[in-house]
*Asks:* 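Just passing along the structure, written as C-alpha cells.
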Number of protein chains: 2
Amino acid sequence: MSKAMTVIVADDHAIVREGLKMLLSTMADVTVVAEAADGEAVQVLARSEPADLLVLDLGMPGVTGIQFIADIRAMAPRMKILVLTANVEPRTVRAAIEAGANGYLTKNGDPAELADAVDALRANDIYLAQSIRFAVSDPARQTLPSATDEALSPIPLTRREMQILSLAAQGLTAREIAERLGISPLTARKHRENLMRKLSLHSAAEIAAYAVRIGLPIG
Amino acid sequence: MSKAMTVIVADDHAIVREGLKMLLSTMADVTVVAEAADGEAVQVLARSEPADLLVLDLGMPGVTGIQFIADIRAMAPRMKILVLTANVEPRTVRAAIEAGANGYLTKNGDPAELADAVDALRANDIYLAQSIRFAVSDPARQTLPSATDEALSPIPLTRREMQILSLAAQGLTAREIAERLGISPLTARKHRENLMRKLSLHSAAEIAAYAVRIGLPIG
DNA sequence: GACGAAATACGACACCTGCCGTATGTCGCA
DNA sequence: TGCGACATACGGCAGGTGTCGTATTTCGTC
C-alpha cells in the first residue's frame with residue numbers, strides 16, 4: 001500500500017544494531033537506511049537526512065538523556081522517535097514522551113513489541129512497552145504532553161549538570177571534574193550539589209549507581 | 001558435513017537475544033536450542049541440557065562475574081563458552097579465559113566477528129575480539145591457564161567481602177554497614193579496603209558502578 | 001531593557017574515605 | 001600440630017565529601 005518506512009537505527013553496540021536491523025527487516029514496508037553509534041552521528045543524520053523513524057538507544061555515548069530527545073525533535077520535527085533502553089524508571093518514561101518521543105520500549109520486553117510499536121508509530125499513535133504502560137497511564141496525566149510542562153516535571157538537569165553527572169559517575173573527584181571542564185573545583189562541586197538535590201542522591205556511590213542504572217555513557 | 005551445532009543464548013535483554021538468534025540462524029549448521037535471561041536459568045540449562053555452545057552476556061543479573069564462568073565450565077565441561085559483553089577491561093578478558101571461556105566478544109565489535117568466533121570455537125580454537133586481542137597476547141602470559149592458578153587468579157571474594165560490596169554499592173557508609181552486620185565500623189572498613197584492593201577499585205563510586213554493572217542485587 | 005535561569009566562584013564545618021600500619025581469635029586442612 | 005586464610009578490631013593522617021551559606025556574570029527571552 002504505502003511506500004516503505006525509512007528507519008535509522010541508533011545504538012552503541014554493533015551487535016545490537018545488527019540484531020535490530022534484522023528484526024526490522026522482517027517487517028513489511030520497513031527499510032533501514034542508516035545507523036549511528038553515538039549521539040553526534042544521530043544529530044548529523046537528523047539534520048541532513050531525517051528518516052521516518054529513529055530507533056534510539058538512550059544509553060549511548062553522547063546521548064545525555066532526555067534533552068537529547070528534545071534536540072532531535074527540534075531538528076527533525078516529522079521524524080518519529082522510538083526510545084529503546086534498559087531503563088524502566090517511570091520518571092524517565094514520562095520525561096521521554098514529554099520531550100517528544102513517540103514510543104518507549106525496554107530491552108527486556110517481548111521482541112514482538114518492536115513490530116507493534118512500529119505499526120503504532122506509523123499510525124501516528126504513541127506506543128509504550130507493556131511492562132511500563134502503567135507508568136504513564138495514571139489518571140492525573142491523561143492530558144496531552146503539550147499542555148502541562150511545569151507540573152510534576154521530570155527533574156530536568158541542565159547541560160552542565162548532565163556533564164557533571166556523567167563524570168562523577170566514573171568516580172572522578174570534584175577537582176578532576178573541574179580540570180576536565182576548565183572550571184573551578186568549587187563550581188564543579190556546586191553543580192554536583194545541585195544535581196544531587198534534584199535527583200535526591202546523597203553520595204558519590206548513589207550517583208554512580210544511578211548513572212549506570214539509567215545507562216549513562218560510562219567511558 | 002558435520003551435524004548442526006546447538007547453541008544456548010543467554011542475555012537479559014529479550015531484544016538482544018532475539019537479535020543474536022537471528023544472527024546465529026544465518027550461519028550454516030547452527031541451531032539455537034534454548035535461551036536464558038538470568039544466571040540461574042543458564043545454570044539449569046548447563047546441568048540438564050548442555051549445548052555445544054553457550055553465548056553468555058556477562059552483564060546479566062545473577063551472573064556474578066568470572067566465578068560464574070568457572071561454575072558453568074565445571075557443570076558442562078564440553079560446552080564451549082563464548083563471552084559477550086560491553087566490558088573491555090584487559091583484566092576481565094584474561095580472567096574470563098582463565099576461568100574457562102573459549103571466546104570473548106565485545107558488544108561494540110563488528111557483528112561479523114560473531115560468525116568468526118563460532119567457527120573458531122567449533123574448531124576448538126579460542127577467539128578474542130579484534131579490539132581486545134592485545135590484552136591477552138602479552139608474552140608474559142603465554143602459559144596454559146591450567147598451570148598458574150595462584151598468579152593473577154580471577155579475583156575471589158570472601159563471603160563477607162561480597163556482603164560488604166553489596167552494601168557499599170548502595171551508598172552506605174562504613175558505620176551503616178557495620179550496624180547492619182553487627183560488627184565494628186573499623187572492621188567493615190577493613191573488609192571494604194580489602195575488597196577494593198582485590199578488585200582494583202579506588203572509590204565508593206567505583207564500587208557502586210562495578211556492583212551495578214555486574215548485576216549485584218541492589219537491595 | 002528587565003527579568004529569571006544558568007553558570008561561575010568562594011568559604012566553613014563535620015564527617016567520611018582511602019591508605020598505611022598492627023594485632024588477636026577462629027577454623028579448616030595438611 | 002602447625003600453617004594459612006578469614007574475620008575481627010583499633011588508630012593516624014591527608015584529603016575528599018555533603019550541606020549550608022553568599023555573590024557575580026552571562027545569556028536567552030519576554
Side-chain angles (χ1 to χ4, degrees), chain A residues 64-68 70-71 73-75 95 98-99 149-151 153-211, chain B residues 67 70 149-211:
Chain A
T64 38
I66 300 307
Q67 183 55 45
F68 187 84
D71 292 346
R73 168 59 62 238
M75 289 175 198
E98 291 185 6
D149 300 306
E150 74 289 35
S153 62
I155 314 180
L157 295 185
T158 69
R159 222 162 314 180
R160 222 23 165 189
E161 286 165 350
M162 216 42 119
Q163 287 174 17
I164 268 92
L165 170 60
S166 174
L167 293 169
Q170 297 167 49
L172 300 190
T173 68
R175 180 181 301 162
E176 292 165 332
I177 292 172
E179 271 170 24
R180 295 218 190 177
L181 298 180
I183 59 179
S184 156
L186 294 161
T187 304
R189 225 174 141 186
K190 176 57 78 179
H191 283 307
R192 169 156 63 181
E193 191 183 327
N194 290 336
L195 81 88
M196 287 174 79
R197 195 171 347 94
K198 283 185 183 177
L199 298 173
S200 300
L201 304 174
H202 299 279
S203 72
E206 288 181 29
I207 294 176
Y210 174 84
Chain B
Q67 183 56 45
D149 300 307
E150 74 287 38
L152 289 199
S153 62
I155 318 178
L157 293 186
T158 69
R159 221 163 314 178
R160 220 25 164 192
E161 285 165 351
M162 223 34 132
Q163 286 174 20
I164 268 89
L165 170 60
S166 174
L167 294 169
Q170 295 167 51
L172 300 189
T173 68
R175 179 180 300 162
E176 292 164 331
I177 292 172
E179 271 170 23
R180 294 217 191 178
L181 297 180
I183 59 178
S184 155
L186 293 161
T187 304
R189 220 175 139 185
K190 177 55 80 178
H191 283 308
R192 169 157 60 183
E193 192 182 327
N194 290 334
L195 80 86
M196 287 174 79
R197 193 167 352 92
K198 284 186 183 176
L199 298 173
S200 300
L201 303 174
H202 300 278
S203 71
E206 288 181 28
I207 293 176
Y210 174 84

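Naming: A, B, ... by sequence-line order, numbering from 1 per chain.
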*Asks:* Rounded to the nearest Å, what distance is computed from the CG atom of residue A:L167 to the C1' atom of nucleotide D:dT17?
*Replies:* 17 Å

*Asks:* With rounding to the nearest 0.5 Å, note down the distance linking CD1 in B:I164 to CZ in B:R192.
*Replies:* 9.0 Å

*Asks:* Which pair of non-hydrogen atoms, one from B:A209 and one from A:A169, has the smallest distance, and what is that distance?
*Replies:* CB-O, 4.4 Å

*Asks:* Of all heavy-atom pairs between B:G171 and A:S203, which one has the smallest distance, and what is that distance?
*Replies:* CA-OG, 3.9 Å

*Asks:* Show every donor-acceptor pair shorter than 3.5 Å between a side-chain atom in residues 175-184 of chain A and any protein atom, with sequence neighbours excluded, or say none if there are none.
*Replies:*
residue, atom, partner, partner atom, Å
A:E176, OE1, A:T173, N, 2.8
A:E176, OE1, A:T173, OG1, 3.4
A:S184, OG, A:L186, N, 3.0

*Asks:* Could you tell me the separation between the CD atom of A:E193 and the OG1 atom of A:T187, rounded to the nearest 0.5 Å?
*Replies:* 11.5 Å

*Asks:* Quickly work out the B:K198 NZ to D:dA5 C1' distance and round it to whole Å.
*Replies:* 9 Å

*Asks:* List for me each residue that meets side-chain hydrogen bond (donor to acceptor under 3.5 Å, both in side chains) alongside B:R197, sequence neighbours excluded, and say none if there are none.
*Replies:* B:N194

*Asks:* Looking only at non-hydrogen atoms, find the nearest pair between B:K198 and B:E161 and report the distance.
*Replies:* NZ-OE1, 2.8 Å

*Asks:* Tell me: CZ of B:R197 to P of D:dC6, nearest whole Å?
*Replies:* 12 Å

*Asks:* Taking all atoms of both residues into account, what is the closest heavy-atom pair of B:A168 and B:I207, and its distance?
*Replies:* CB-CG2, 4.0 Å

*Asks:* side-chain hydrogen bond (donor to acceptor under 3.5 Å, both in side chains) with B:R160: which residues, sequence neighbours excluded?
*Replies:* B:Q163

*Asks:* Without decimals, in angstroms, what is the distance between B:Q163 CD and D:dT8 P?
*Replies:* 9 Å

*Asks:* If we fit an axis to the first five pairs and another to the last five of the helix from C:dG1-D:dC30 to C:dA30-D:dT1, what angle do they make, to the nearest 10°?
*Replies:* 50°

*Asks:* For chain A and DNA chain C, what are the first and last nucleotides along the strand, 5' to 3', with at least one atom under 4.0 angstrom from a heavy atom of the protein chain?
*Replies:* C:dA6 to C:dA12

*Asks:* Measure CZ/A:R160 against P/D:dT26 and give the value in whole Å, please.
*Replies:* 15 Å

*Asks:* Determine the minimum heavy-atom distance between A:A208 and B:A205, stating which atoms define it.
*Replies:* CB-O, 3.2 Å

*Asks:* Mind listing the residues from residues 181-194 of chain B sitting with a heavy atom below 4.0 Å of DNA chain C? Number order is fine.
*Replies:* B:R189, B:K190, B:R192, B:E193

